[in-house]
Amino acid sequence: MAQEDIFKKLVAHCKEYGFVFQSSEIYDGLGAVYDYGQNGVELKNNIKKYWWDSMVLLHENVVGIDSAIFMHPTIWKASGHVDAFNDPLIDNKDSKKRYRADVLIEEQLAKIEDKINKEVEKAAKRFGDAFDEKQFRETNARVLENQQKWDALHNRFAKALNDGNLEELRQIIVDEEIACPVSGTRNWTEVRQFNLMFATEMGSTADGALKVYLRPETAQGIFVNYLNVQKTGRMKIPFGIAQIGKAFRNEIVARQFIFRMREFEQMEMQFFVKPGTELEWFEQWKETRMKWHQALGFGSENYRFHVHEKLAHYANAAVDVEFKFPFGFKEVEGIHSRTNFDLSQHQEYSGKKIQYFDPELGESYVPYVVETSIGVDRMFLQVVSASYHEEEVISANGEKDTRVVMKLPPVLAPVKLAVLPLVKKDGLPEKAREIIDSLKFDFNCQYDEKDSIGKRYRRMDAIGTPFCVTIDHQTLEDNTVTIRYRDTMEQDRVGIDKLLGIISEEVSFKKMFTNLK
Ligand code: GAP
């Protein structure tokens, strides 16, 4: 099945099974804003716990905060967001559709890359085990020709971005003959900059209202609390401050479901270090973060680092962790070496000294910062994309069937255990409730007595429940149940007293964190 079709199915599945709903749906929705349903919120909370605990429990020198969304407007002047938090936009005059000029060019680069990869895949099939990919890439004429095209376009694009040259961005779009996907024409306007921050007013207008912004990143809340945390926590450099919270961006080209939203959530950590050591820490955090992603078991081949073509105004090194979504490799997380830009700017704009006295050096300095920044929603999309499977199975009556199963890492699954009485009588529901009552404070359990056992298993597969236990008449006699494992669909007969141990072992964060250490 084409990846596009799989993605459509995934979006429909997320709605049908209470993971993600369009915001304000009964009013025809609000663009690029989404709500999380009963299963979505559990999965999202588990993702946040995985991140939070891996930062503040695993690292003695990382602490958390929760800063307000509204902040003094001068913060955004100091950080550069008022003047430079822009996207280069271009309109197609025929369809009247608006696009990000940089994204149109990135998609063109991805098309060339796709051509190269298809050549390589074809050759790999043709030559089988004898295939030497490196040699093929270095010698095949079509691959070399496309690689040259890619390099030339990439260099031109990177230069235009770094120079902030909007005319050149437009010229690239024209030269590459990029057409509007809606009208199919190449009738483009000029490229213009568009600021992404939402603004509102605080206080009554009569008193002179203050123009405030909805924060476009949580990071600034950390920077402006640097002194508070360092002093009250007696933190010694190097140390980090972590935060999870909402961020808002007036994204013009908001597409691909929860990949690019106008209201989203970030998990950010600013790590404050001695000047001159930031690039070492940058490498270390790159490795730590990649390990965190890969520990979920979605396959290391589905991740890569992407080095930024253009460094943000505050950075001296930056990479993205990219994941292979059904629509291609895309950014999930950014890791940035932000120098001392933000703290220096806040020092200047606030007039307050923001420095660290280093007892080892016997001097004060403005710390440098390495940031790790990941979107909760994008991580959610990574998890559901990697977990969604359609499998051919043989049903109870011997016929071929398809089961949709979310092979979520058990630790992240919204429901860990479903307890299913075989029939709604003979004391089986009561026994099932008894089991739930004994386990419900250990993990999220769900009771279900409606429909056949087969249908109930399918419902649990669809939301990614790793364990189902069935209560039958034998349970009443010997206190054993049938436990069914989601991924293998295998079943075992086990004592009720064994359930806590079997399930805890699989759904424990502790095990994940031990692997990360
Ligand atoms: N403080 C640095 C910062 O905000 P960013 O690369 O703009 O850097 C970090 O954003 C992460 O936030 C991204 O890697 C992505 O996961 C998430 N993110 C950014 N914009 C988003 C949007 N419009 N919708 C959903 N997630 C977004």
Side-chain angles (χ1 to χ4, degrees), residues 20 23 30-36 44 47-48 51 67 69 71 75-76 78-81 84-87 100 102-103 106 194-198 213-224 240-271 282 285-286 289-290 292-293 303-315 317-323 325 327 329-339 341-343 345 369-385:
V20 182
S23 159
L30 186 65
V33 186
Y34 290 89
D35 299 335
Y36 287 83
K44 199 177 181 209
I47 290 173
K48 289 195 266 185
W51 183 86
S67 71
I69 288 171
M71 293 194 272
I75 288 174
W76 303 110
S79 67
H81 284 81
F85 194 54
N86 301 319
D87 273 348
R100 268 177 62 178
D102 54 336
V103 171
E106 276 169 11
F194 180 89
N195 193 283
L196 297 179
M197 282 198 294
F198 285 102
Y213 298 98
L214 297 187
R215 65 181 177 198
E217 62 170 15
T218 62
Q220 296 304 323
I222 295 180
F223 288 123
V224 298
I241 305 179
Q243 162 155 248
I244 299 179
K246 289 271 186 170
F248 305 83
R249 294 182 191 178
N250 195 4
E251 299 280 2
I252 290 307
V253 188
R255 270 183 298 164
Q256 284 152 338
F257 192 37
I258 54 172
F259 183 81
R260 198 175 298 288
M261 302 155 89
R262 297 198 168 102
E263 174 180 339
F264 57 101
E265 215 166 348
Q266 288 186 315
M267 307 188 278
E268 299 202 292
M269 195 276 306
Q270 314 293 322
F271 199 70
F282 174 73
W285 278 107
K286 261 173 72 180
R289 295 304 304 147
M290 188 55 107
W292 182 90
H293 283 278
Y303 297 89
R304 69 182 187 191
F305 284 120
H306 167 82
V307 180
H308 283 208
E309 274 85 35
K310 181 193 176 195
L311 288 176
H313 57 276
Y314 48 72
V319 289
D320 296 335
V321 176
E322 291 190 340
F323 177 73
F325 287 97
F327 41 85
F329 271 104
K330 296 277 177 201
E331 171 188 348
V332 186
E333 171 158 8
I335 301 161
H336 311 120
S337 172
R338 287 178 81 129
T339 67
F341 174 83
D342 302 85
L343 289 183
Q345 289 289 102
V369 172
V370 174
E371 167 186 76
T372 71
S373 173
I374 173 169
V376 179
D377 313 87
R378 225 172 257 190
M379 185 62 202
F380 186 107
L381 190 57
Q382 170 184 325
V383 171
V384 290
S385 314

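Side-chain atoms are counted along with the backbone in the values below, which use heavy atoms only and exclude waters and symmetry mates. None of these values were measured; they are calculated from a predicted model. Both ligands and their constituent atoms are indexed starting at 1 by order of listing.
Shown in contact with Glu371 at under 4.0 Å from a heavy atom are these atoms of ligand 1, numbered in order with element: 1 (N), 2 (C).
Met261 N, 2.8 Å is the protein heavy atom nearest to atom 24 (N) of ligand 1. Ranking protein heavy atoms by distance to atom 7 (O) of ligand 1, first place goes to Arg249 NH1, 2.8 Å. Atom 18 (N) of ligand 1 has as its closest protein heavy atom Phe264 CE1, 3.5 Å. For atom 12 (O) of ligand 1, the closest non-hydrogen atom on the protein side is Gln266 NE2, 3.3 Å.
Close N/O approach between Glu268 and ligand 1 is found [any backbone or side-chain N/O within under 3.5 Å]. Between Val332 and ligand 1, an N or O atom pair is found at a separation short of 3.5 Å. Below 3.5 Å of separation, one finds no N or O of Ile258 facing any N or O of ligand 1. Not a single N or O atom of Ala219, backbone or side chain, sits closer than 3.5 Å to an N or O atom of ligand 1. Note: no N/O pair closer than 3.5 Å links Arg260 and ligand 1 by distance alone.
Here Asp320 pairs with nothing under the salt bridge (charged side-chain N to carboxylate O under 4.0 Å, His left out) rule; sequence neighbours left out. Partners of Ser385 according to the side-chain hydrogen bond (donor to acceptor under 3.5 Å, both in side chains) rule, which considers only residues two or more places apart in sequence or in another chain, do not exist here.
A perpendicular orientation is assigned to the rings of Phe257 and Tyr34, their planes being inclined by more than 60° (bins at 30° and 60°).
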Could you check Arg260 against Arg249 for side-chain contact (heavy atoms from CB on, under 4.5 Å), going step by step and ending with a plain yes or no? CA-CA 9 Å; Arg260 198 175 298 288; Arg249 294 182 191 178; over 6 Å; no
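By the criterion of a heavy-atom distance under 4.0 Å, neither the backbone nor the side chain of Thr218 is placed next to ligand 1. With a 4.0 Å heavy-atom cut-off, ligand 1 is reached by the side chain of Arg338 but not by its N, CA, C or O. In His336, the part holding a heavy atom less than 4.0 Å from any atom of ligand 1 is the side chain.
Panel note: side chain Arg262, backbone Gly31; a donor-acceptor pair is recorded below 3.5 Å.
Nearest heavy atom pair, residue His81 against residue Asn195, reads O-ND2, 3.1 Å. Shortest non-hydrogen contact noted between Gln382 and Phe325 is N-CE2, 3.5 Å.
Within the 4.0 Å heavy-atom shell around ligand 1 one does not find Met379. Residue His308 places no heavy atom under 4.0 Å from ligand 1. Heavy-atom distances between Asp377 and ligand 1 stay at or above 4.0 Å for every pair.
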